[in-house]
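All remarks here apply to the structure that follows.
Residue numbers start at 1 and run along the sequence shown.
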Amino acid sequence: MKTSSYTKFGANYNKDTGLVDFKLFSKNGTAAILCIFDTPKGKDAVLNIKMVKSSPENFNGNVFEASFDPKILGFNTSDDLQDILFYYGYRVFGPNYEYTEGWAPGVKDGFKTRLDDKNHRFNPNKLAYDPYSRELSHLHSDVSKDLSEFRSDKKLFFTDNALIAPKTVFKIIPEREIADVSPRALTDEIIGEVHIKSLTMLQNVENKGTYKAAGEFAANLKALGVTMVEFLPLQEFDDKEDIGNYWGYMPLAYFAPHKKYTFNTSDGEAVAEFREMIDALHREDIKVCMDVVYNHTGEARIYNNDPTDVNLFCYALIDNREYYKSNDKGYYAINSGCHNDANTAKDGFRHIITDSLEYWINQGVDAFRFDLATSLMDTDTGVNVNYDKNKSIIGRMKEKLEARGIKVNAPNEVQDKNFKGRVVNLIAEPWTCGGYNAYQLGNFPEFFAEWNDVSRNTIRAFSVRPKSVDFLAIRHILTGSPHKFGSLNRSLNFVSCHDGFTLWDLNSYDKKAADTCGGSDWELCSSYGGNKILRDKAIRNEMALLALSAGCFMVQVDDMVLHSKGGNNNSYNIDGPVNYIDFNIPEEKRGLCDFIRNLTDFRKKHKIFNNESYVKNMEFYGHLARPFPSYSPFWTLPDMNFMSFMSNDGDETLFAAMNKGHNPVKFILPREVLKKGKNFYVVFDTKNNDFNPEGVLYEPVGEEPDYTIEPYTIVLMLVK
């Protein structure tokens with residue numbers, strides 16, 4: 001099982017030679033030692049192998065190589081290869097700490113400075129795990145509370161940490177057949193975002209909170225209507241980082257599943273259990289999307305405002321200049337808001353991105369959501385930024401993956417049934433936390449779907465601050481935000497996500513809870529003065545607008561059962577009941593949850609929402625059933641509170657009306673429908689939880705075909 005079919009970096013078993021081949025990319029490293037261990041902690045290396053730099057034609061000579069015979073550790077490679085298990089790490093030298101013959105840990109020969117003017121931080125006294133690790137033996141915080149043994153401060157700089165340092169676990173994992181899923185476009189999916197541990201922690205099972213439990217919960221996800229589950233980060237991270245890192249947005253190893261999510265915690269079992277989960281989800285026809293974080297790592301941070309005092313875990317030890325962006329004084333760029341910015345314009349990190357994507361796709365992953373993806377659009381290798389959607393790793397991602405036999409589908413593209421290879425969808429969070437020109441909504445390549453915060457805020461404003469949103473903004477989200485994406489169906493619409501209030505809390509609180517840790521300041525929220533009728537109607541309206549909007553559909557699994565976090569809008573650091581999802585729905589919420597489930601089923605069943613004719617054939621009306629052309633001043637008038645639209649795709653016709661004012665509106669239904677001998681069938685009216693998938697015939701009273709819509713309400717009808 002190779003980490004990459006292209007670079008072959010990391011450690012890979014060579015069936016022809018019976019050796020394990022190691023390849024380590026380090027452009028600025030001048031020497032490296034491969035250290036082999038037979039235990040993860042407490043013992044020195046049983047073998048130290050001086051690596052050699054590859055020839056210039058092999059990645060420009062920037063790769064250290066070595067091979068190792070497992071027989072040295074007593075493994076018989078003629079028997080079951082799965083018995084092979086060992087640990088390893090690297091000691092890397094560079095311009096600030098050169099290799100000298102006979103070097104041993106603690107020897108200062110060759111040392112020049114902890115941080116030179118080129119931002120090199122090489123320190124062979126600190127053992128680095130492999131960037132291509134498929135599993136780590138343990139975490140730094142498991143063995144050191146203050147991480148002092150892993151830092152570059154003066155006190156312990158020359159102290160060897162190999163006895164306690166996390167090491168890469170090497171084990172040959174047998175291949176596994178993973179079930180296929182039905183070919184579907186991303187716009188056809190009901191995407192359910194969820195934290196993998198929160199999903200099952202309140203289930204009465206022994207393996208709760210694990211990959212195994214998530215796989216066994218697949219049928220329940222299907223029953224909720226989920227067709228693609230989007231997991232918060234699963235790549236290895238330290239859950240005890242800083243004041244807690246429950247969500248996992250501080251990655252340490254991009255090829256390794258987070259080990260604490262495994263039920264079988266024995267070394268070498270994480271990937272196998274991850275695959276079992278993917279297979280179980282696929283067997284329920286549920287695709288899997290991984291939330292991946294390539295804009296920063298969980299390693300590099302500066303202590304005491306001293307750029308010479310940083311964490312040295314892996315990337316900074318192997319080639320700090322190649323993996324991170326920093327200024328001429330050694331301070332890391334922090335547009336990510338997370339202590340460091342990855343240098344995604346450099347070859348080292350670009351290899352990691354594309355190689356790890358290929359690796360996870362080989363494990364059965366169907367899609368990726370890129371956290372703070374604008375940083376991956378950067379082509380500046382220094383401390384500044386230069387966003388280029390064509391020349392960046394973002395722009396070249398499709399080309400690089402397809403060169404490896406992986407088809408990248410556009411959001412509205414369905415997999416060709418005759419194509420037997422691997423297929424993937426790509427989703428961008430199109431901004432970063434800071435820096436120049438960091439907001440890039442609508443500017444990603446055409447094969448990316450993009451999280452749309454404009455549609456999110458418009459949907460929220462319809463309920464919370466209806467006077468602040470005009471019908472032009474609503475038309476935009478209904479039609480897939482063409483002002484941002486043109487005619488391409490790339491908008492990924494949502495009301496709430498992990499980052500902010502849950503759907504319930506969004507409509508139950510006027511502000512975030514006092515004990516929340518920071519949080520997003522864009523939140524639109526309201527308690528509606530404690531009016532439960534308005535609260536419930538707002539929830540139905542937000543979900544209805546989401547379902548009626550062209551593009552991709554995403555909802556938190558939490559929100560499908562109206563989970564509350566008690567007003568905490570940034571629970572990233574809490575491993576506890578605040579985040580754990582209770583699927584035992586209280587009576588107060590059952591009707592609303594049924595409405596949400598019916599809505600997602602309706603969206604899934606009716607393909608009109610993902611047909612380009614849905615937007616193309618939209619006709620908009622006022623309350624007198626007169627069409628409103630796109631140039632009408634109606635769209636931006638602040639006091640216009642009513643709008644309706646009708647659309648068809650040749651097979652079915654939908655009619656929807658909405659009132660964002662505080663008075664009822666009597667409106668005329670389009671007369672041409674009745675003239676053609678067809679009728680209107682009410683699917684839902686958000687004044688209550690009633691939902692009729694086939695529609696209930698509406699028969700107007702009197703001569704005019706009118707309908708009275710209540711304040712702050714949306715109505716959907718089928719025309720047939």
Side-chain angles (χ1 to χ4, degrees), residues 135-136 139 178 190-224 226-241 244-265 269-284 286-293 298 356 360 363-369 371 427 497-499 502 554-561 563 565 571-583:
E135 184 176 323
L136 296 185
L139 299 172
I178 295 175
I190 301 298
I191 305 171
E193 188 201 37
V194 72
H195 187 285
I196 196 168
K197 186 173 183 178
S198 295
L199 181 65
T200 60
M201 275 303 289
L202 297 184
Q203 298 299 302
N204 187 25
V205 292
E206 181 186 10
N207 54 27
K208 58 188 177 183
T210 66
Y211 300 117
K212 188 176 182 63
E216 293 174 358
F217 201 74
N220 301 74
L221 285 173
K222 186 175 184 178
L224 285 171
V226 173
T227 65
M228 173 183 280
V229 60
E230 180 182 308
F231 288 121
L232 268 61
L234 301 178
Q235 293 162 315
E236 187 61 275
F237 63 91
D238 189 345
D239 59 321
K240 295 192 287 291
E241 183 265 338
N245 178 21
Y246 180 64
W247 284 351
Y249 285 92
M250 298 293 280
L252 293 174
Y254 290 104
F255 297 78
H258 183 54
K259 197 168 185 175
K260 292 184 179 179
Y261 293 155
T262 57
F263 179 59
N264 181 353
T265 57
E269 297 300 324
V271 173
E273 193 168 311
F274 180 90
R275 286 174 173 175
E276 289 174 9
M277 176 192 71
I278 300 289
D279 183 52
L281 288 161
H282 277 195
R283 281 188 274 110
E284 293 293 342
I286 297 174
K287 293 182 182 179
V288 177
C289 175
M290 282 178 63
D291 194 337
V292 288
V293 186
S356 64
W360 293 112
Q363 313 315 313
V365 174
D366 306 283
F368 299 93
R369 179 264 188 189
D371 180 68
I427 303 167
C497 65
H498 68 276
D499 192 7
T502 63
M554 187 187 82
V555 61
Q556 287 191 97
V557 173
D558 311 46
D559 293 337
M560 290 178 158
V561 295
H563 173 66
K565 295 183 180 180
S571 57
Y572 77 96
N573 63 324
I574 302 174
D575 185 351
V578 165
N579 282 311
Y580 301 162
I581 305 172
D582 188 352
F583 290 91

From [X] [atom1] over to [Y] [atom2], what is the distance, rounded to the nearest 0.5 angstrom?
X	Y	atom1	atom2	answer
Glu241	Asn573	CD	CG	10.0 Å
His282	Ile178	NE2	CD1	7.0 Å
Asp558	Leu199	CG	CG	9.0 Å
Thr227	Leu221	OG1	CG	10.5 Å
Lys260	Lys240	NZ	NZ	3.5 Å
Glu193	Met560	CD	CE	11.5 Å

(request) Would you sort out whether His258 and Phe231 count as a ring-ring contact (aromatic ring centres under 6.0 Å, His included), showing the intermediate values? (result) CA-CA 12 Å; His258 183 54; Phe231 288 121; over 10 Å; no
Using modelled atom types only, decide if a donor and an acceptor are shared between the side chain of [X] and the backbone of [Y] within a distance under 3.5 Å.
X	Y	answer
Trp247	His195	no
Glu135	Ala256	no
Asp291	Pro233	no
Glu273	Asn264	yes
Thr502	Asp559	no
Asp575	Tyr246	no

(request) Can you spot which of Thr200, Leu202, Val194 makes a side-chain contact (heavy atoms from CB on, under 4.5 Å) with Ile581? (result)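 Of Thr200, Leu202, Val194, side-chain contact (heavy atoms from CB on, under 4.5 Å) with Ile581 is met by Val194 alone.
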(request) Kindly indicate, with the supporting measurements, whether the criterion salt bridge (Lys or Arg N to Asp or Glu O under 4.0 Å) is fulfilled by Arg283 and Asp279. (result) CA-CA 6 Å; Arg283 281 188 274 110; Asp279 183 52; 3.1 Å; yes
What's the shortest heavy-atom distance between [X] and [Y], and which atoms?
X	Y	result
Met228	Ala367	CE-CB, 3.8 Å
Ala280	Ala218	O-CB, 3.8 Å
Pro257	Tyr211	CB-OH, 3.3 Å
Asn207	Thr210	O-OG1, 2.5 Å
Val578	His563	O-NE2, 2.8 Å

(request) Return yes when atom NZ of Lys259 has more than 12 non-hydrogen atoms of other residues, nucleotides or ligands closer than 6.0 Å, and no otherwise. (result)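 Yes, NZ of Lys259 has more than 12 neighbouring heavy atoms, counting only those of other groups under 6.0 Å.
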(request) Determine whether more than 12 heavy atoms belonging to other residues, nucleotides or ligands lie under 6.0 Å from atom NZ of Lys212. (result) no
Could you check if a side-chain atom of [X] sits within less than 4.5 angstrom of a side-chain atom of [Y], using non-hydrogen atoms only?
X	Y	answer
Tyr580	Lys197	yes
Cys289	Ile191	no
Ile574	Lys565	no

(request) Mind running side chain to side chain contact (heavy atoms under 4.5 Å, CB included) on Met290 and Gln235 for me, showing each step along the way? (result) CA-CA 9 Å; Met290 282 178 63; Gln235 293 162 315; 4.0 Å; yes
(request) Go through the steps for Met277 and Ile196 under the test side chain to side chain contact (heavy atoms under 4.5 Å, CB included), then give the verdict. (result) CA-CA 11 Å; Met277 176 192 71; Ile196 196 168; 3.5 Å; yes
(request) For Val288 and Phe274, run side chain to side chain contact (heavy atoms under 4.5 Å, CB included): C-alpha distance rounded to whole Å, both residues' side-chain angles, the deciding distance at 0.1 Å, then the answer. (result) CA-CA 11 Å; Val288 177; Phe274 180 90; 5.7 Å; no
(message) Ignoring hydrogens and geometry beyond distance, is a side-chain donor-acceptor pair present between Asn579 and Ser198 at under 3.5 Å?
(response) no
(request) Give me the ring orientation class for Tyr249 and His498: parallel if the planes are under 30° apart, tilted from 30 to 60°, perpendicular past 60°. (result) parallel
(request) Run the numbers on Leu224 and Phe583 for side chain to side chain contact (heavy atoms under 4.5 Å, CB included), then give the verdict. (result) CA-CA 10 Å; Leu224 285 171; Phe583 290 91; 3.8 Å; yes
